[in-house]
Structures are given as C-alpha cells and as structure tokens.
Q: 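Here it is, the structure, as structure tokens.
Lettering of chains follows the sequences in order, A, B, ..., and the numbering in each one begins at 1.
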Amino acid sequence: MSHDIVLKVIAKLLIPFILLFALYVQFHGDFGPGGGFQAGVIFAAGIILYALTNGPDAAMRIMPPRLLTPLAALGVLLYGGVGIATVLLGGHFLNYDVLAHDAVHGQHYGILLIELGVGVTVASVMLVIFFAFITQEP
Amino acid sequence: MLYFSLLFAVLFGFWLLLSGFWDNGLLLGLGLASSLFVAWIGTRLQSPEQENGYSLGMLLRLPRYLVWLVVAIVKSNIDVVRRVWDPLNQPITPVMGRLPVSQRTSLCKTIYANSITLTPGTVAIEVSDTDVQVHALTRDAFADLAGGEMDREVSRLEVGAGHRRSSPNGKGQA
Amino acid sequence: MFAAAAICILVVMALALARAFLGPTVCDRILAVNMFGTKTVLLIAVYGFLTGRPDFLDIAITYALINFIGVIAVLKFVEGIADSEQQPRPDEF
Amino acid sequence: MDLLPPLFPDLLLDLLSMALLIGGVFLSISGAVGVIRFPDFYTRLHAAGVTDTLSAGMILAGLMLQAGFTLVTVKLLFILIFLWYTSPVASHALARAAMHTRVEPAEAEVIDADQGDESSAN
C-alpha cells in the first residue's frame, strides 16, 4: 500500500480532469443535468481520490482543513448574501429579477451565485467529514 | 511552468468540448477561470522531489504506440473470447510469474503495467522498481509478454527510436 | 436496435450481479460490482440514444468517475483490513 | 436513381454501427459468461477485462457513428478514453488487493521468468 506507483501516477493525471468536470457541472446547471450539489460531490470525490492514492497528508496540503470550515460558511453566506442583496435592491428574498437590468439576466446571475454557494459548501463539508474520518485514531 | 501551460491548454480544450457554448462570454470566462484554477491545483499535485517523466517527444510518439496497443487489445480480446466459448479445444492454463521492467521513469512503468492489464489475458499485479508480477490466462499469453515486444514498445516511447537501450536482462531479443 | 443493445447490456449486468452474489471471496464481489458499474455507464449512454436525449452522456461520465473512485476506496479499505489483521479472513464478508 | 447517393452512405453507416453494436454486445456477453464460468478470481479478472476494453469500445464506437460529427461524439469519446484509462487501474488494484487478502490462484503454474538475477533476491 505504501508505494503503488500505478495508482499514484494515474491519479495525478486524472484528478485535474475530474476537478474541471466538476466545475463544468457546476456552471452548466441551467443548461443540462447538474448543479451545485452534484458539482460539490464530484469535486470532493476528486480530492478524496488524491487522499486515497497519495495519503491523507498530501491531500491536506492541497486542501488545508483549516480553510475548509470557513469555506463551508462562505458558501452559505453567499447563498444568504444573494437573498439579502435582492431585498436591499427592492425585491423579495431571493427574487433574482432585480439583480440585473432585465429579469432574464437577473435570474441567470442569481442562480449561478446560489449554485456556487451550494457547491462550495457541499464540497467543503464533504471533505471536512472525510478528513475527520481518516485522521481518527482507531 | 511548462506543465502548467500544457495542463491549462488541455483543460480549456476539455471545457470547450464539454460545454459546447462557444459564443457565451460568461461561460467562456468561467471556463477560463476554472481551467486556471484547476491547472494551479494540478501543478501542486506534482510533488517537486519526484521526477514526472513527461516530455514533448514522448507526447509525439504516443499516437503510434496507441495504435499498436489497440491492435494488441483486439488480438488478445479475440483470444480470450475463444477460450470462453470453446473450453475443450482451447483450455485455459493460468500462469503466475515475474517479468523484468526496463523503463526508468515511474510514468513509463505505469504505462507498461497498464498496457499489460489493458490487454485481456494478462494482468499486472505488483509493480516494483525492477520487475512486475503478472498473472496470465494462458501460457501463450505469458510467453508473448515475456518475448518483450510490449516492453520494447514502451521503452521506445520513453527514449525514442533513435537510441534504443538494450534491455538490462538481455531479454527482449526474441 | 438500441433497445436490443440495452436489453443485452441488462443481461450482462444480471450475470455480473450473479457473480456478486456467488462470491466466493470479497474480491470477486468487488470485481462484479466494478463490472456492473462500467456496464451501467454503457447502458446510460445507449439509453440516452434510445430516448433521444444526449444530456444523459454527462450523467454517464459522472457515473464512470464515481464508480472508479468508489471501487478504489473499497479496495483500499479491504486491503487495509487485510494488512492490519495477521490472519485475514476474506471469506467472511 | 438520384436518391441513391445521399441514401447509400446513411445505410452503410447504419449497417456499420449495427455491426459494431452487435459485436460489442456479443463480446460483453462472452465476458460475462467467462466471469461466471472461470474457476478462480484471477481468471475471472481476464474475462471482466474483455467487457471493459473491446466491448465498451465497440458499443461506444457504434453510438458515435450514429451521432456523426457532433459534440455528442466528443462526449462518447471522453467516456471511452475515461473507461480505457481507469479500467486497467481498477483491475490492477483488484489483483493487488486479492494478493494482499491472500486469495490463492487456483491451479496456476508459477514461472520465474528472469532466472537468477534481481528477482532471486526477493
């Protein structure tokens, strides 16, 4: 288990594409199947693959756990922030129409930001839970 | 830096082909940002103390190798399928053994091990610095592999056809 | 044509599932589940053509990713248990 | 008569893609039968390899011919590359885990191919 070079080499080449695919799913939520939740899960799965092949310490160097908890909060904050912003701009809570000059663009940007918040939160919470499990002493 | 630029270019191409929205400025911008971000993470995945073994020459020699590999895959598939349907005339004779690995970089060792596994009938079990443990479905498949043609092809990928090194064990001159 | 292909893939998946139930070792079961997963990817792709919705291909890619990572994770787990126990009992799973 | 030129390639394409699909499905079933029939884990691994490599390739190639030169074909190509890239890794990891859990290969002949050099130290 210590030096399985096949898994290490393959994972290094594969993980960038997994992460980019996650971001593709993230930003094409309103054109095809997908959205923030799935994207967050795929992104976290890519990092988990790195932790499985190169060990938890290497994965924690890429995604430091002390950054993950604030990121999870940031995602929720983004979600809430969009809601507050719509209220401040004179609409109802999460009424995206007021975010841009016309309703269609407003909807577009609003959903994009909301989904980004969901994705960030899901990915970081999943990684926090995963790291909590693997660093636990048996 | 070369790795970063190459990775970025490939990732952005990947995004364009996945997305299909080539006239939407917002999505193009997001794609650019995503590719930069992921290429940055991707370069950090490469640990500095470890050689990565990539070179442009290798990339150019790759297509020829892939064609050779696909032909090998088709041949060995046919062999295994015949042994599934006709067990009386073509019985399986499982073999377990070790074969030398002549590649130096871990990337090329990985390519060799994966090529062994990708051709049905032979599976690479454990890869060490000098040899690879192989399980083969038939004695013939093992003998083919021991003949060293695949080893030579991968080594050629590594160093180029011009100055091919001889295999360290004097094998592969079949 | 696509329907026939989809049904044949379902038969293959059923055979894989039979191997997953038969075992006998845990590795046989994981092998069968991995095969089941890759056939699911093909089934989703064929089904996308059957219903005329190529959107399904994104789901197929996602499924292939998650299947691969899941199999690697389970294998690491099994390997870890086997390495930590001096007398592995893989038949008891 | 003037209808033939545009029709003919389509028909040929359909036939070719049907042949690829049938071949892929046949290989898939062969592999599955092998997985059921072969005696031990390591030999089953080879049979499963058939369904992951050429069978998947032929089925996806058949679908690609149906899709033509579109982004759908590109996505099918991505699936194929991904499957061919990961399936040997999964097989390798499976075989390795089987070695670690001491799954014994039934009736396997053991050959030490490199007589008396490095590996004799192992």
Side-chain angles (χ1 to χ4, degrees), chain A residues 1-34 39 42-44 46-47 49-51 53-55 57-64 67 100 104-105 107-113 115-116 119-120 123, chain B residues 3-4 6-8 10-21 24 26-48 50-54 101 103 105-118 123-129 132:
Chain A
M1 194 131 94
S2 52
H3 59 278
D4 191 353
I5 59 168
V6 172
L7 272 176
K8 277 187 186 172
V9 170
I10 287 293
K12 269 180 198 162
L13 275 176
L14 188 59
I15 285 167
F17 293 92
I18 295 180
L19 299 185
L20 192 81
F21 183 74
L23 291 172
Y24 157 75
V25 170
Q26 169 81 58
F27 294 124
H28 287 70
D30 41 351
F31 299 105
I42 298 173
F43 195 92
I47 303 291
L49 179 62
Y50 190 65
T53 54
N54 287 41
D57 295 333
M60 285 183 195
R61 213 170 45 238
I62 302 294
M63 289 275 149
L67 276 183
V104 176
H105 278 92
Q107 291 273 354
H108 201 80
Y109 294 140
I111 290 175
L112 204 69
L113 285 172
E115 291 285 343
L116 189 63
V120 168
Chain B
Y3 185 73
F4 179 84
L6 210 62
L7 191 59
F8 170 72
V10 173
L11 285 173
F12 193 58
F14 184 54
W15 172 282
L16 287 181
L17 290 173
L18 275 178
S19 153
F21 292 96
N24 187 327
L26 179 66
L27 282 177
L28 280 182
L30 285 171
L32 214 59
S34 305
S35 308
L36 276 174
F37 175 61
V38 174
W40 175 65
I41 293 186
T43 30
R44 282 175 65 204
L45 295 182
Q46 302 284 345
S47 41
Q50 214 178 330
E51 102 284 13
N52 51 25
Y54 303 101
V101 173
Q103 288 78 30
T105 60
S106 51
L107 179 69
C108 283
K109 278 178 196 159
T110 304
I111 291 177
Y112 183 40
N114 271 5
S115 306
I116 291 175
T117 315
L118 201 53
V123 170
I125 297 176
E126 198 114 27
V127 188
S128 71
D129 286 339
V132 51

Q: Please find the pair of heavy atoms, one from B:Arg44 and one from A:Ile62, that lie closest to each other, and give the distance.
A: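 So the two residues come closest at NH2-O, 3.3 Å.
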Q: Please report the shortest heavy-atom distance between A:Leu23 and B:Phe37, naming the atom on each side.
A: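 Minimum heavy-atom separation between A:Leu23 and B:Phe37: CD1-CD2, 4.1 Å.
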Q: Determine yes or no for a side-chain-to-main-chain donor-acceptor pair under 3.5 angstrom, with A:Tyr50 supplying the side chain and B:Leu45 the backbone.
A: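 Judged by distance alone, yes, a pair lies under 3.5 Å.
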Q: Carefully, step by step, assess B:Leu30 and A:Leu112 under the rule side-chain contact (heavy atoms from CB on, under 4.5 Å).
A: CA-CA 11 Å; B:Leu30 285 171; A:Leu112 204 69; 3.9 Å; yes
Q: Which atom pair, heavy atoms only, marks the closest approach of B:Ile41 to A:Met63?
A: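 Scanning both residues, the minimum pair turns out to be CD1-CE, 3.9 Å.
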Q: Do the side chains of B:Ser106 and A:Lys8 get nearer than 4.5 Å, heavy atoms only?
A: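 They are not in side-chain contact.
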Q: Where is the tightest heavy-atom contact between B:Gly42 and A:Pro16, given as atom of each residue plus distance?
A: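 Heavy atoms of B:Gly42 and A:Pro16 come nearest at CA-CG, 4.1 Å.
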Q: Can you tell me how far CG of B:Leu107 sits from CD1 of A:Ile5, rounded to the nearest 0.5 angstrom?
A: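 One gets 9.5 Å once the value is rounded to the nearest 0.5 Å.
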Q: Hey, what do you get for CH2 (B:Trp40) to CG (A:Leu19), rounding to the nearest 0.5 Å?
A: 12.0 Å
Q: Please output the side-chain donor-acceptor pairs of residues 10-17 of chain B that fall under 3.5 Å, not counting sequence neighbours, one pair per line with the distance.
A:
none

Q: With a 4.5 angstrom heavy-atom cut-off, which part of A:Leu7 approaches chain B: side chain, backbone, both or neither?
A: neither
Q: Can you give me the closest heavy-atom contact between B:Leu27 and A:Phe27, atom names plus distance?
A: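 In this case the closest contact between B:Leu27 and A:Phe27 is CD2-O, 3.7 Å.
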Q: Restricting to non-hydrogen atoms, name the atom on B:Thr110 and the atom on A:Ile10 that form the minimum distance, rounded to 0.1 Å.
A: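 Heavy-atom minimum between the residues: CG2-CG1, 4.0 Å.
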Q: Quick check on B:Leu26 against chain A: is it the side chain, the backbone, both or neither that has a heavy atom closer than 4.5 Å?
A: side chain
